[in-house]
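Have a look at the structure below before the remarks.
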Amino acid sequence: VYLDIVDGYQYWEPGGPSGLNRASAEQEMVSFVEALAHYARVTKGRPNFLIVPQNGEELSAHADYVQAVSGIGEEDTWYDGDTPQDADHTASVLANLDVFRRAGKFVLVVDYVTQPRLISDFYAKAQAKGYIPYATTRDLDRLTINPSHAPQ
């Protein structure tokens, strides 16, 4: 299962846009993902069931969460469209994604770059980290095969 918007807990956490300031929001998301993994793998007897969250890489701070997931997907790591991300943003994201890599998890990265030079830069950076890159359109409405970067 691919779980989009795992970082949605931030809406309800202290300082989040909801204004509810739920101190438990982050832990609730961790517990939710862990419960899904347990249900699929243990209760339903599917030990190889994949759990892949999209974004929410900061949850790498929870060792039990890292162990519960099969890998992670992350958007906009190096670029926001064709604009480079702030270096501090990228460094923070990479530090968190590396926690998953060190735990033996796969890391999928999607950046929505469209310029050939930026696409090549993105693929080079991602592959150097051991991540699996994909450059495409933000609408995700078609399969993109990037010249010189065919799927493996």
### Task
Can you measure from CG (Leu97) to OG (Ser92) and round to the nearest 0.5 angstrom?
9.5 Å
### Message
Taking atom CD1 as the centre, does Ile5 end up with more than 12 heavy-atom neighbours from other residues, nucleotides or ligands that are less than 6.0 angstrom away?
### Response
no
#### Entry: Nearest heavy-atom neighbours spanning Asn21 and Gly16
OD1-N, 4.5 Å
### Task
Examine the side chains of His62 and Glu34 and answer whether a donor and an acceptor come within less than 3.5 Å of each other.
no
#### Entry: Side chain proximity check, Leu50 to Val1, heavy atoms < 4.5 angstrom
no
#### Entry: Side-chain (Ser60) to main-chain (Val99) donor-acceptor, under 3.5 angstrom
no
### Query
To the nearest 0.5 Å, how far apart are CD in Gln54 and OH in Tyr2?
3.5 Å
### Query
Does Asp98 reach the side chain of Tyr131, with side-chain heavy atoms less than 4.5 Å apart?
yes
### Message
Rounded to the nearest 0.5 Å, what separates atom CG in Asp76 from atom OH in Tyr112?
### Response
6.5 Å
### Task
Using a 4.5 Å cut-off on heavy atoms from C-beta on, say whether the side chain of Leu3 contacts that of Val52.
no
### N/O donor-acceptor pair under 3.5 Å between Arg41 side chain and Phe49 backbone
yes
### Shortest non-hydrogen contact between Pro133 and Tyr123, atoms and distance
CG-CD2, 3.4 Å
### side-chain contact (heavy atoms from CB on, under 4.5 Å) between Ile132 and Val109, worked out
CA-CA 6 Å; Ile132 302 164; Val109 287; over 6 Å; no
### Query
Tyr11, Val33: one ILVMFWY side-chain cluster at the under-4.5 Å cut-off?
no
### Message
When you compare the side chain of Phe106 with that of Ser70, does any pair of heavy atoms fall below 4.5 Å?
### Response
yes
### Summary
Here the pair of heavy atoms bringing Val113 nearest to Gly81 is CG1-O, 3.2 Å
### Pair Gln10, Glu58: side-chain N/O donor-acceptor within cut-off below 3.5 Å
yes
#### Entry: Rounded distance (nearest 0.5 Å) linking atom CE of Met29 with atom CD of Glu13
10.5 Å
### Task
Could you grab the distance from atom CG of Leu94 to atom CZ of Arg101, nearest 0.5 Å is fine?
12.5 Å
### Message
Quick check against the 3.5 Å criterion: does Asn146 have a side-chain atom that pairs as donor or acceptor with the backbone of Ala135?
### Response
yes
### Query
Any ion pair linking Lys125 and Asp121 (charged N to carboxylate O, less than 4.0 Å)?
yes
### Task
Kindly work out whether a path of hydrophobic side-chain contacts (I/L/V/M/F/W/Y, heavy atoms less than 4.5 Å apart) joins Ile145 to Leu140.
yes
### Message
I'd like to check Val30 versus Asp64 (side-chain heavy atoms, cut-off strictly below 4.5 Å). Are they in contact?
### Response
yes
### Message
Taking side chain to side chain contact (heavy atoms under 4.5 Å, CB included) as the criterion, tell me which of Ile72, Val69, Leu59 meets it with Val6.
### Response
Leu59
### Query
Is there a donor-acceptor contact under 3.5 Å from the side chain of Asp7 to the main chain of Glu57?
no
### Query
Are Leu118 and Trp78 connected, step by step, through hydrophobic side chains (Ile, Leu, Val, Met, Phe, Trp, Tyr) whose heavy atoms are closer than 4.5 Å?
yes
#### Entry: From Asp82 atom CG to Thr114 atom OG1, the distance as rounded to the nearest 0.5 Å
3.5 Å
### Side-chain touch Lys44/Tyr39, heavy atoms, less than 4.5 angstrom
yes
### Query
Can you name the nearest heavy-atom pair linking Thr77 to Thr90, along with the distance?
O-OG1, 2.8 Å
### Query
Do the charged groups of Arg138 and Asp111 touch, with an N to O distance under 4.0 Å?
no
### Query
Do the ring planes of Tyr65 and Phe100 sit parallel (below 30°), tilted (30 to 60°) or perpendicular (above 60°)?
perpendicular
### Message
For Ala37 versus Ala68, what's the shortest heavy-atom pair and its separation?
### Response
CB-O, 3.8 Å
### Query
Tell me, do Glu74 and Val107 make a side-chain contact under 4.5 Å, heavy atoms counted?
no
